[in-house]
Amino acid sequence: MAIKGVGAPDQVYDGNGLRVAIVHARWNAKIIDALVTGAVGRLKELGVLDESIEIISVPGSYEIPLAVQKTLASQRFDVVIAIGVLIKGSTVHFEYIAESVTRSLMQIQLKENKPVIYGILTCLTELQALERAGLDEAKAMHNHGIDWASAAVEMGCKFGDKATTSS
Ligand code: RBF
């Protein structure tokens, strides 16, 4: 059994009826695409209907919080998955963006009282990001987008407006 990463959920959650938005940045597009694809595939496996999934793109990670805020304020969604890929460069942009986006996403979910799933990779190298999107052939690592979708369905069912927890 893996030591790191999310453990098994306490029950199987049914995503049918859950409305999920994915707000993603377009920086580092190849990695983003793999993460979004992984998330969408898992949402569908968990019963979220195609027409209940909306994908919204913004230029970069810095733009994600406002888009998430507006998306939740529209009252059209039960949960939002925020996906961005920040890769450290030679300036301090990375630190500023990572810090402000992370803090903002936490504030938004508490203010809007709806789950925001934190799908922001903050990697020191491009290889680290590729690995976490399951794109590094040498290691064939896990696509984190899959976990974010599982978290979205669990949080939406447990804490969303239409809490549908069944046991
Ligand atoms: N956005 C990302 O999503 N990931 C990045 O790794 C990233 N690196 C950036 C590095 C620099 C030097 C700058 C200026 C912007 C970067 N952005 C990145 C874009 C940022 O999130 C935002 O879209 C723009 O700054 C416009 O507000």
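Quick caveat, the model's predicted, so the values are computed rather than measured. Just so you know, ligand 1 is whichever comes first in the structure, and atom 1 is the first atom listed for that ligand.
- Trp27 CE3, 3.4 Å is the protein heavy atom nearest to atom 5 (C) of ligand 1.
- Here the shortest heavy-atom distance to atom 6 (O) of ligand 1, taken over Ile31, Ile120, Ile87, belongs to Ile87.
- Just one of Val80, Val20, Val79 meets the side chain to side chain contact (heavy atoms under 4.5 Å, CB included) condition when paired with Ile117; it is Val79.
- Contact annotation for Val85 and ligand 1: only backbone heavy atoms (N, CA, C, O) come within less than 4.0 Å of the ligand.
- Looking at residues two or more places apart in sequence or on another chain, you find a salt bridge (Lys or Arg N to Asp or Glu O under 4.0 Å) between Arg76 and Glu54.
- Given atom 3 (O) of ligand 1, the protein heavy atom at minimum distance is Ser61 OG, 2.7 Å.
- There is no side-chain donor-acceptor pair under 3.5 Å between Asn16 and Tyr13.
- The closest donor-acceptor contact from the side chain of Gln128 to the backbone of Leu124 lies under 3.5 Å.
- Nearest to atom 14 (C) of ligand 1 by heavy atom, out of His93, His24, Glu63, is His93.
- The salt bridge (Lys or Arg N to Asp or Glu O under 4.0 Å) test applied to Lys44 returns Asp50, not counting sequence neighbours.
- For atom 17 (N) of ligand 1, the protein comes within 4.0 Å by at least one heavy atom.
- When only modelled atom types and interatomic distance are considered, Ser150 and Arg42 share a side-chain donor-acceptor pair under 3.5 Å.
- In terms of polar-atom proximity, Tyr62 is counted as a contact of ligand 1, with an N or O under 3.5 Å from an N or O of the ligand.
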